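The structure appears below as structure tokens.
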Amino acid sequence: MTLPPLTIVLAGPRGFCAGVDRAIQIVERALEISGAPVYVRHEIVHNRFVVEQLEAKGALFVDELDEVPEGATVVFSAHGVPKAVPADAIKRGLNSLDATCPLVSKVHREAERHYAEGRQIVLIGHGGHPEVDGTMGQLPPGAVVLLEDAEGVGALVVADENNLAYCTQTTLSVDETEGVIAALKARFPTITGPRKEDICYATTNRQAAVKAIAGDVDALMVIGSPNSSNSSRLVEVAQAYGCKRSIMVSRALEIDWHWFDGIGRLGLTAGASAPEALVEEVVAEARLRFDVTIEERVVARENVIFKLPTVLNRARGQPEEIALI
């Protein structure tokens, strides 16, 4: 039987970023050193496949620290946590490891610097996302006000219009965030921004890759989890750049293959918390149904590596990794 043709255009970069890779390594290294179980507060990254793989190795995921036995090892997720969380871990006698992405920690330090210099901070981000909760939780109540979109700028209530700074969540849409910042600056001309933009390199690169192929495919599929901010933004970016037929799936088994009717060229990418194995899984399933040709469109090369916590390397007797930032 002759299979219908399908060209899959792979976006590059795609999949794991350095912060996600580091967070997973922290849990795996902790399991090697301490043995199972190692507790993880919230999903280490927003991908169910990754969480299930770590559960199989002995990680136990919990919502709050009161579920962790005294003296146990607990890892904080890549999204960051409010300052009250590690303080509570110390009080409860827990051995804690911080897997917060260094680029999220950078935003935390920026917010602290602005606060120390007397500024109120406007945080551009999505309410309820753990990264936003973690950033706001670095400072006392009222020190940070949340702004979700440009429409909210007019209603923003601040203590002093001439003494403001802004930070952003690291996984936002680059284009939409530029619009929000422009609206902020129009209302508050003296507002201070970050020394270097807060949206991370991985988010920026993955969105750029989607922009590069969106006009050249009939449809685009993002591999990622519904609660992953960066994955959701990729769908939105594809639609904004001309590929209205864009969807997100967690993995191949979720795919409705009837959706492929009329598709000759499919764009395929993965959010920063989705492993390449899930992309390969989709390609393998597609080959069972189509005569597949693979193209790859790469807009950037990434060589970023973040160091693991020093205590993990000391426990292993190994030198620290070199960070290429």
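The basis for the numbers below is simple: all heavy atoms, side chains too, and nothing from hydrogens, waters or symmetry mates. Please read all numbers here as calculations on a predicted model, not as lab measurements. We number each residue from 1, following the sequence as shown.
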(message) Under a plain distance cut-off of 3.5 Å, with no hydrogens placed, do Asp175 and Gln207 share a side-chain donor-acceptor pair?
(response) no
(message) Regarding Gln120 and Asn163, do their side chains bring together a donor and an acceptor under 3.5 Å, going by distance alone?
(response) no
Closer than 3.5 angstrom, by distance alone: can the side chain of [X] be matched with the main-chain N or O of [Y] as a donor-acceptor pair?
X: Asn205; Y: Val299; answer: no
X: Ser228; Y: Ser231; answer: yes
X: Glu281; Y: Ala277; answer: no
X: Gln138; Y: Gly134; answer: yes
X: His79; Y: Pro130; answer: no
X: His114; Y: Ile121; answer: no
X: Gln169; Y: His126; answer: yes
X: Asp291; Y: Pro5; answer: no
X: Arg22; Y: Lys307; answer: yes
X: Glu131; Y: Thr170; answer: yes

Should [X] and [Y] count as side-chain neighbours, where that means a heavy-atom distance under 4.5 Å?
X: Leu184; Y: Leu156; result: yes
X: Asn230; Y: Ser273; result: yes
X: Glu302; Y: Arg206; result: yes
X: Ile33; Y: Thr73; result: no

I'd like to know if [X] and [Y] make a salt bridge, using a cut-off of under 4.0 Å between side-chain N and carboxylate O.
X: Arg251; Y: Glu285; answer: no
X: Arg265; Y: Glu295; answer: yes
X: Glu276; Y: Arg14; answer: yes
X: Glu52; Y: Lys57; answer: no
X: Arg92; Y: Asp66; answer: no
X: Asp218; Y: Arg245; answer: no
X: Glu112; Y: Lys83; answer: yes
X: Arg187; Y: Glu161; answer: yes
X: Glu236; Y: Arg233; answer: yes

(request) Take Glu110 and Lys196, measure what salt bridge (Lys or Arg N to Asp or Glu O under 4.0 Å) needs, and give me the verdict at the end. (result) CA-CA 10 Å; Glu110 284 174 358; Lys196 184 179 180 182; over 6 Å; no
Could you measure the distance from the [atom1] atom of [X] to the [atom2] atom of [Y]? Nearest 0.5 Å is fine.
X: Thr177; Y: Leu172; atom1: OG1; atom2: CG; result: 4.0 Å
X: Ile26; Y: Phe76; atom1: CD1; atom2: CZ; result: 11.5 Å
X: Leu65; Y: Glu70; atom1: CG; atom2: CD; result: 12.5 Å
X: Leu103; Y: Ile199; atom1: CG; atom2: CD1; result: 12.0 Å
X: Ile255; Y: Met221; atom1: CD1; atom2: CE; result: 4.0 Å
X: His129; Y: Ser229; atom1: NE2; atom2: OG; result: 4.5 Å

(message) Does Phe290 form a ring-ring contact (aromatic ring centres under 6.0 Å, His included) with Phe260? I'd like the steps, not just the answer.
(response) CA-CA 10 Å; Phe290 301 94; Phe260 279 72; 5.5 Å; yes
(request) Search all heavy atoms of Val40 against all heavy atoms of Ala59 and return the closest pair with its distance. (result) CG2-CB, 4.3 Å
(message) Minimum heavy-atom separation for Gly125 and Leu146, please, with both atom names.
(response)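 Of all heavy-atom pairs spanning Gly125 and Leu146, the closest is O-CD1, 3.7 Å.
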(message) For the CZ atom on Arg195, are there more than 12 heavy atoms of other groups (residues, nucleotides or ligands in this structure) within a distance under 6.0 Å?
(response)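 No, not enclosed.
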(request) Answer yes or no: does atom OH of Tyr201 have more than 12 heavy-atom neighbours from other residues, nucleotides or ligands under 6.0 Å? (result) yes
(request) Answer with yes or no after comparing the ring centroid distance for Phe61 and Tyr39 against a 6.0 Å cut-off, counting only values under it. (result) no
